[in-house]
Amino acid sequence: MITIGKLIALLFVFLDDYDNRYLDGSDRCKILGSTTVFPLGAECAETFNSIQNDYHVSVAQGGTGGGITDIAEGRSDLAMASREVTSD
Amino acid sequence: MTSLTKDQVKKIYSGKIKNWEELGGPDEPIYAISREQGSGTRDTFLEDIFGSKKAETPGVRTYSSSNSEVNVAIVGSNVAIGYLGYSYSEGGNLRAVKLDNVEISPQTIKDKTYPLARTLYLVTFGNPKPGAQAYMDFIKRSEGQKIAKENGFIPIETSTIQQGIQQNLTVRKERKRLQRRSNCLNLRLDLSGLSSYPICP
């Protein structure tokens, strides 16, 4: 008999894995950042996703600054940047 | 208006030139468009025109959140001026002015003779995950660079990729050296974990 505690544990494991895996089971790769780079990033992602099944790349716009913040805080895997990134 | 100098652009964005008539154009107020904070395009523009990405621009009439917004705003006005990525001008609706007498083109971007040319990057925090590495490898390969060219971006040369890799190695060695020093001296240093990979010149 599955208890409520085990159900909650399974739910958290499922949600954690859901965040890292796409619907077809491939590993997610999240990219966010520069609106300048976005047209290139998005079209490359579409082609990249169509030629292999190991990874699924998703690309979103949010500005260079937003992209850098996201990777530093672990919310995405790659940032698109339209300038050289410096410590300031 | 087919040509401006960097000094004229600086004066437009600092509010010292307010009317197109001052530049030989019609008697119309200039509608200068900039980008919001957080935009790498904005930072590049301010650094190249004003010498600092923290420069004040009191001549700006509106701040846009994306290249697309700037594009729409300029296309919808006959008195607007703005700056945006070269690939957004490829649709034919915008007219890029010469800057310091240099016409923008793939060649002048590649050899950096165009004053506002810049390199585009993908950035990781720490070592890239396998998926991120595979994606970056794809972009740097001929298939990715073919997509870049088709979308109005300038393909990158291997030497620039190698330079980017070498810079990252140099930065990592410097970070390790600083970390050892901070451990000895009990200092707290803010060490960035960022690595940048150029994808277009």
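Lettering follows sequence order; numbering is per chain, from 1.
Per-residue heavy-atom pair counts under 4.5 Å with chain B were compared for A/Val57, A/Asn49, A/Asp54, and the maximum is reached by A/Val57. Residue with the most contacts toward chain B among A/Ala81, A/Gly63, A/Gly65: A/Ala81 (heavy-atom pairs, distance under 4.5 Å). Of the residues considered (A/Gly33, A/Ser76, A/Ala45, A/Gly66), A/Ala45 shows the highest number of contacts with chain B, using heavy-atom pairs under 4.5 Å.
For B/Ser65, the part lying under 4.5 angstrom from a heavy atom of chain A is the backbone only. For a residue to count as touching a neighbouring chain, one of its non-hydrogen atoms must lie under 4.5 Å from one of that chain's; by this rule B/Gln37 does not touch chain A. Both the backbone and the side chain of B/Tyr135 come within contact range of chain A, each with at least one heavy atom under 4.5 Å from a heavy atom of that chain. Residue contact with chain A, scored on non-hydrogen atoms closer than 4.5 Å, involves the side chain of B/Arg35 exclusively.
Counting heavy atoms from C-beta outward, B/Tyr83 and B/Thr41 have side chains that approach closer than 4.5 Å. Taking the side chain as every heavy atom from C-beta outward, A/Thr64 and B/Ser39 never approach each other to under 4.5 Å.
Proximity of the aromatic rings of B/Phe50 and B/Tyr13 is defined here by a centroid distance below 6.0 angstrom, and this criterion is not met.
For the pairing with A/Met80, the side-chain contact (heavy atoms from CB on, under 4.5 Å) check across A/Leu32, A/Thr35, A/Val59, A/Thr36 returns one residue only, A/Val59.
Taking the charged nitrogens against the carboxylate oxygens, A/Asp77 and A/Lys30 have no contact shorter than 4.0 Å, which rules out a salt bridge.
Contact record, B/Gly85 with B/Arg118: CA-NH2, 3.9 Å, taken as the closest heavy-atom pair.
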